[in-house]
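Below is one structure, written out as structure tokens; the observations come after it.
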Amino acid sequence: MRNKLLLITVVSIFLSSCTREGQLSYVKWDIKARRYLDKSLKAYRLAIKNNPGDRKLIDEYTGILKVVKGDVPAKIEFAILLYEIGIKDESEKFLIEALLTNKQETERYLDNRINEATSVQDRILLYEFALKGLPDNGQYWYQLGRLYLGINNISAGIKALEEAYLNGVKEPELFYYLANALFQQGNYKEAEVYVDEGLKIAGDNVNMRRLRYALYIKQKKITLAQSEKARLQQLTKKEKETERPAVILPDIGPYKFIYVSKGNQKLYVYNMEPTGAKVIETLPCTTGKNTGPKMKQGDERTPDGTYLIISKMEGPSLPSKYGIAAYPLNYPNLIDRRLQRDGDGIWLHGTPIARTPYNSEGCVVVSDNDMSRLIDDIVVRKTFVSISEGDLNIDYNAFKKAIETVKLWKEGWESLDIDKYMAVYDEMFYSGGKDKKQYKAYKADINRQKKHIKVDVSELQILPYGKTPLGNLLLAFFRQKYSSDNFSSTGYKILYLVERDNRWYIIGEEML
């Protein structure tokens with residue numbers, strides 16, 4: 001009776017509020033009433049956390065819970081609260097009571113409660129709590145193990161995944177995560193057992209075979225390692241390029257690049273052909289917790305711009321929290337440094353756990369399952385990741401003009417005519433510590449020492465960059481083969497191009 005009176009009091013406050021605000025529809029009343037009840041329950045939870053010994057407070061809270069949510073959910077919510085504040089024996093007692101009252105409803109409510117949790121720590125707590133009453137739930141152990149690995153708690157992750165295995169989970173990813181975690185702890189023999197069993201289930205799983213190869217190397221099983229390496233090479237062999245269609249951009253492609261829309265929390269793989277770009281893969285991703293371009297170390301933002309993948313990290317050398325593979329990007333690049341944006345450690349990487357949108361420290365993160373689909377589309381030091389807020393709309397006319405700028409740049413350099421060469425450089429050009437005037441003097445001095453120059457441009461990529469405080473940018477990337485009467489070199493170059501009056505000029509350049 002007392003609890004019903006408390007509930008009536010809450011509703012009365014709500015009704016008086018409605019009267020003050022004027023006539024509300026039934027739907028608005030319902031929404032507003034639920035808000036008041038939610039606030040009331042949150043206030044009780046906070047009060048109990050601060051005063052866990054106040055029995056009166058607890059009785060009032062559980063009474064309202066029972067009226068609002070029903071008997072079983074009330075027991076579960078109260079048990080979770082007790083678990084959170086460390087009264088775990090009593091918490092387990094209420095959970096068992098709920099299971100005995102209605103096991104099916106309890107399991108359904110726990111599933112919903114876990115799925116609604118947004119933070120990794122909240123999910124870990126809820127899985128730990130649920131397993132107190134359902135210790136034979138293999139999927140709970142499996143998800144908990146992945147969460148532990150996601151926060152780099154390797155020992156706890158191994159224990160949970162082993163429990164999942166003992167309780168019937170036979171998913172291929174379980175064997176990979178478990179074997180990889182054991183590898184990181186130096187337990188090679190046990191890791192090999194799980195790899196072998198995983199391969200029986202998954203077949204020719206490339207990630208599992210990479211791990212097996214690493215295990216053979218660590219255990220000095222040279223003959224087996226050589227055989228495994230040959231099998232890996234066979235599995236990862238790329239398909240031959242198909243015949244090119246009719247061209248509209250004859251000087252570029254084929255190449256692939258990745259576009260990340262922070263606004264959509266989506267990652268797109270584009271295949272660029274001379275006939276244009278086509279999306280060949282669309283995957284969910286998560287980016288930094290805070291919006292806007294990255295400005296400084298620790299701001300938990302994902303940068304805006306276009307970045308080269310500079311290396312690959314995978315297998316046992318990679319901490320479990322980064323999933324099956326990680327690709328560091330060249331942030332901060334020349335443009336970021338010019339805009340005085342700092343920080344580092346921006347990666348495209350996997351994760352063994354489910355991540356909600358906007359939930360990274362600045363990296364671009366995809367699930368391990370999706371990362372396994374991306375790996376074959378990435379070529380280190382040749383694949384770029386373009387990041388922006390909205391959708392990508394490629395302006396092919398701008399691409400054509402950018403290609404023309406690259407051609408004029410090449411012709412101007414080969415002509416030894418410094419004015420012709422510098423005509424494609426923007427007035428705001430700055431690279432290598434030199435502005436346009438200083439750079440012109442530097443190149444003119446070099447040209448006086450040359451009788452001829454030849455520049456070959458191949459593997460040309462034109463890539464979107466986006467709008468910046470310096471202007472609207474594109475990026476040109478290509479293999480440059482330079483030769484003159486007294487010097488020659490080969491390498492890859494990036495030209496940062498800025499739009500001015502419907503033309504494109506070089507605002508920065510760097511040799512890789």
- Item | Over 12 foreign heavy atoms within 6.0 Å of CD, Glu197 | yes

- Query: Under 30°, 30 to 60°, or over 60°: which ring-plane class applies to Phe257 and Tyr255, parallel, tilted or perpendicular?
  - Reply: tilted

- Query: Distance from Tyr216 atom OH to Ile222 atom CD1, nearest 0.5 Å?
  - Reply: 12.5 Å

- Message: Tell me whether the count of non-hydrogen atoms from other residues, nucleotides or ligands lying under 6.0 Å of CD in Gln340 goes above 12.
- Response: no

- Over 12 non-hydrogen atoms of neighbours within 6.0 angstrom of CZ in Arg503: no

- Atom OH of Tyr442 with >12 non-hydrogen neighbours under 6.0 angstrom: no

- Report the C-alpha separation of Arg337 and Asp342 in whole Å, then their side-chain angles, then the decisive distance to 0.1 Å, and conclude whether the salt bridge (Lys or Arg N to Asp or Glu O under 4.0 Å) test is met. CA-CA 7 Å; Arg337 293 192 297 273; Asp342 63 14; over 6 Å; no

- Which atom names give the shortest non-hydrogen contact between Tyr194 and Ala179, and what distance separates them? CB-CB, 4.1 Å

- Message: Please evaluate residues Phe487 and Tyr482 with respect to the criterion side chain to side chain contact (heavy atoms under 4.5 Å, CB included), reporting the C-alpha separation (whole Å), side-chain torsions for both, the decisive distance (0.1 Å), and the verdict.
- Response: CA-CA 8 Å; Phe487 182 72; Tyr482 171 92; 3.6 Å; yes

- Where is the tightest heavy-atom contact between Met428 and Leu470, given as atom of each residue plus distance? CE-CD2, 3.6 Å

- Message: Quick check for you: to the nearest 0.5 Å, what is the distance between Asp251 atom CG and Ser458 atom OG?
- Response: 12.0 Å

- Task: Apply the salt bridge (Lys or Arg N to Asp or Glu O under 4.0 Å) test between Asp304 and each candidate in Lys294, Lys262, Arg341; give the one that qualifies.
- Result: Lys262

- Just wondering, are more than 12 heavy atoms of other shown residues or ligands nearer than 6.0 Å to NZ in Lys229? no

- Does a donor on one side chain and an acceptor on the other come within less than 3.5 Å for Ser155 and Gln185? yes

- If you round to the nearest 0.5 Å, how far is CE of Met371 from OH of Tyr322? 13.0 Å

- NZ/Lys218: more than 12 non-hydrogen atoms of other groups inside 6.0 Å: no

- Residues in ring-ring contact (aromatic ring centres under 6.0 Å, His included) with Tyr188, at least two apart? Phe183

- Message: side chain to side chain contact (heavy atoms under 4.5 Å, CB included), that's the test. Do Ile403 and Ile252 meet it? Break it down for me.
- Response: CA-CA 8 Å; Ile403 293 169; Ile252 66 170; 3.7 Å; yes

- Message: Salt bridge check, Lys296 against Asp299: does any charged N sit closer than 4.0 Å to a carboxylate O?
- Response: no

- Donor-acceptor pair, side chain of Arg210 and main chain of Gly315, under 3.5 angstrom: no

- Tyr142 meets the ring-ring contact (aromatic ring centres under 6.0 Å, His included) criterion, sequence neighbours left out, with none

- Working to the nearest 0.5 Å, report the span between OG1 of Thr405 and NZ of Lys400. 14.5 Å

- Task: Validate the cation-pi geometry between Lys382 and Tyr492: distance from NZ or CZ to the six-membered ring centre under 6.0 Å, angle to the ring axis within 45°.
- Result: no

- Message: Under a 3.5 Å cutoff, is there a donor and acceptor pairing between the side chains of Trp409 and Tyr425?
- Response: yes

- Is there a donor in the side chain of Thr306 and an acceptor in the side chain of Ser386, or the other way round, less than 3.5 Å apart? yes

- Item | is_close_aromatic(Trp504, Tyr465), centroid dist under 6.0 Å | no

- Message: Test side chain to side chain contact (heavy atoms under 4.5 Å, CB included) on Met295 and Arg301; report intermediate values, then the result.
- Response: CA-CA 8 Å; Met295 302 300 292; Arg301 291 173 172 162; 3.6 Å; yes

- Task: Go through the side-chain N and O atoms of Ser431 and Glu510 and say whether any donor and acceptor fall under 3.5 Å apart.
- Result: no

- Item | Evaluation steps, side chain to side chain contact (heavy atoms under 4.5 Å, CB included), between Lys221 and Arg212 | CA-CA 11 Å; Lys221 298 179 179 180; Arg212 180 191 255 178; over 6 Å; no

- Mark yes when over 12 heavy atoms from residues, nucleotides or ligands other than Lys266 sit less than 6.0 Å from its NZ; otherwise mark no. no

- Task: Kindly compute the distance separating CZ (Phe477) from OH (Tyr496), expressed to the nearest 0.5 Å.
- Result: 10.5 Å

- From OH (Tyr165) to NZ (Lys170), nearest 0.5 Å: 5.0 Å

- Taking atom types as modelled, is there a side-chain donor on Gln139 or Glu171 under 3.5 Å from an acceptor on the other? yes

- Message: Between Asp426 and Lys436, does the salt bridge (Lys or Arg N to Asp or Glu O under 4.0 Å) criterion hold? Intermediate values first, please.
- Response: CA-CA 8 Å; Asp426 188 64; Lys436 183 177 181 180; over 6 Å; no

- Query: Can you tell me if Gln265 and Thr287 form a side-chain donor-acceptor pair at under 3.5 Å?
  - Reply: yes

- Query: Taking atom NZ of Lys467 as the centre, does the number of heavy atoms from other residues, nucleotides or ligands within less than 6.0 Å exceed 12?
  - Reply: no

